Number of protein chains: 2
Amino acid sequence: MVRTARFSAEHFIDAAIALVAEGGPGAATMQAIARRVGGPTGSIYHRFASRSAILAAAWNAGYGSLVQVLVPLLHAGRPREAALALLPWAGEDRHRARFVLLHEPVALFEDAPPPEPLRQEMERLETGMDEAFGACIGRVGGGAIREEDLARAKFLIFDAPIAILRPHLLSENPVPSFAGQMIAELHAGVPFASASHRAGTTQAA
Amino acid sequence: MVRTARFSAEHFIDAAIALVAEGGPGAATMQAIARRVGGPTGSIYHRFASRSAILAAAWNAGYGSLVQVLVPLLHAGRPREAALALLPWAGEDRHRARFVLLHEPVALFEDAPPPEPLRQEMERLETGMDEAFGACIGRVGGGAIREEDLARAKFLIFDAPIAILRPHLLSENPVPSFAGQMIAELHAGVPFASASHRAGTTQAA
DNA sequence: ATTCAATTAGATTAATCATTCTAGAATGGT
DNA sequence: ACCATTCTAGAATGATTAATCTAATTGAAT
């Protein structure tokens with residue numbers, strides 16, 4: 001019934017991720033994406049409504065794959081495993097890891113906000129992560145969840161491991177083996193509940 | 001002898017920092033900088049050779065002010081104080097803090113590298129920080145400095161505190177009071193020397 | 001008062017970008 | 001064989017950008 005496509009949405013998404021990973025958001029121009037897949041710029045617009053759309057789709061694909069790894073571990077009450085799971089995930093696909101871990105989503109949409117359905121999917125992913133952190137904290141501790149404890153959990157499980165990875169993602173060198181031990185020692189030494197609130201509470205790390 | 005300048009280099013630098021802080025690197029166009037100070041674009045080129053030049057000068061000013069706070073504390077062998085010093089520094093000037101802590105320098109120079117003298121000043125600042133970390137580690141421990149221990153120190157003193165600040169810099173809300181305690185607990189619970197190398201060594205945190 | 005280099009002022013240029021448009025090619029059902 | 005549809009292909013468009021250029025001011029030193 002129709003002509004077969006030479007370039008899929010995934011082709012364009014992968015090219016966009018690689019370009020951002022290598023040269024920053026500004027390097028992912030429509031023409032650069034087209035050049036990378038070897039097609040004309042017009043073909044991108046058969047799959048995506050705009051540049052924001054393809055960047056948002058790329059973000060949802062990349063960040064989504066990370067969410068898919070972390071959320072089940074968090075809901076299972078395994079924060080330490082979740083933190084360590086960042087390492088193999090980053091090793092799987094360096095372009096994807098640089099794209100997701102080295103760029104704030106807001107920086108990708110300086111010019112124009114992504115179209116509504118993609119923006120909603122972004123929000124859904126972020127909400128899923130937040131709920132998973134909350135569930136993990138709730139399981140570890142006991143009572144109501146305080147904002148401070150949520151911030152603490154996000155730091156220990158997500159932001160701190162990323163901070164450990166960042167210097168090695170910024171350089172060309174691979175992630176050294178001691179990164180895993182640094183994460184492990186962090187979780188062994190720093191409690192999830194704050195010191196002022198910790199009396200008689202189950203210890204997480 | 002000459003006409004008095006209405007716009008100084010600092011005016012343009014401050015505008016560039018504020019624009020990047022508010023809207024990302026892409027928002028700091030030459031025209032946006034000129035508009036913000038209320039002058040013509042041409043005047044910027046009387047102070048700076050190019051866009052990369054003003055961005056590099058802005059980076060050196062912002063990061064330089066942070067280096068000026070941290071390096072003396074590191075050379076004095078006070079890593080904990082250095083880590084905590086990030087908080088008042090960030091509170092002093094939110095635009096500057098967002099500019100320096102939320103953007104990798106490499107992301108500011110996607111298009112063109114900064115002119116040589118400014119690039120050298122950037123390198124000088126980075127080298128100064130590296131030497132200070134090394135001196136601090138050397139003082140804390142005893143023997144030769146291992147790469148792993150340097151990475152560990154940079155994480156505990158610099159990258160981890162930034163990771164604690166980042167979510168609050170990204171939002172509009174002020175940095176909460178518990179940020180300081182998180183840094184303190186991090187330094188209380190995680191050693192500077194790795195576990196495998198720690199036997200009989202002075203504890204830093 | 002005159003001079004003159006530094007500066008303001010903003011129009012101009014050339015490049016680049018996202019997006020649209022026109023044209024033709026491929027595919028599978030009729 | 002033909003048609004409807006989806007795609008490739010890349011030229012055209014209009015906006016925006018960094019950087020340059022010409023001309024008009026300014027104000028302290030002479």
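Below, each value reflects all heavy atoms present in this structure, side chains not excepted, and no hydrogens, waters or symmetry copies. Order of the sequence lines sets the chain letters (A, B, ...), proteins ahead of strands, with each chain counted from 1. Because the structure is predicted, anything quoted here is derived from the model rather than measured.
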Quick test: give all pairs of protein nitrogen or oxygen and nucleotides 4-6 of chain D nitrogen or oxygen below 3.5 Å, distance rounded to 0.1 Å.
{"from": "D:dT5", "atom 1": "O2", "to": "A:M1", "atom 2": "O", "distance (Å)": "3.4"}

Can you check each nucleotide of nucleotides 14-20 of chain D against protein heavy atoms at under 4.0 Å and return B for base, S for sugar-phosphate only, - for none, in 5' to 3' order?
-> ---BBBB
Round to a whole Å and report the spacing from [atom1] of [X] to [atom2] of [N].
X     : N      : atom1 : atom2 : value
A:R6  : C:dA26 : CZ    : P     : 11 Å
A:F12 : D:dC7  : CZ    : P     : 10 Å
B:F48 : C:dA6  : CZ    : P     : 17 Å
A:H11 : D:dT8  : NE2   : P     : 11 Å

Looking only at atom types and distance, does a side-chain atom of A:H103 sit under 3.5 Å from a main-chain N or O of A:P25, one as donor and one as acceptor?
-> no
Mark yes or no for whether A:R98, through its side chain, and A:L169, through its backbone, hold a donor-acceptor pair below 3.5 Å.
-> yes
Rounded distance (nearest 0.5 Å) linking atom CE of A:M122 with atom OG1 of A:T127 | 11.0 Å
Counting only side-chain N and O atoms of A:S43, is one of them less than 4.0 Å from OP1 or OP2 of D:dC7?
-> no
By side-chain contact (heavy atoms from CB on, under 4.5 Å), which residues pair with A:H75, not counting sequence neighbours?
-> A:V71, A:A132, A:A135
Look at the aromatic rings of A:F158 and A:F133 and report parallel, tilted or perpendicular, splitting at 30° and 60°.
-> perpendicular
Got a sec, which residues hit salt bridge (Lys or Arg N to Asp or Glu O under 4.0 Å) with A:R36, two or more places apart in sequence or on another chain?
-> A:E22
Residues that B:R124 engages under salt bridge (Lys or Arg N to Asp or Glu O under 4.0 Å), provided they are two or more places apart | B:E121
Just list the side-chain donor-acceptor pairs under 3.5 Å for residues 48-59 of chain A, sequence neighbours left out, or say none.
{"from": "A:S50", "atom 1": "OG", "to": "A:A53", "atom 2": "N", "distance (Å)": "3.2"}
{"from": "A:R51", "atom 1": "NH1", "to": "A:A28", "atom 2": "O", "distance (Å)": "2.6"}
{"from": "A:S52", "atom 1": "OG", "to": "A:A112", "atom 2": "O", "distance (Å)": "3.3"}

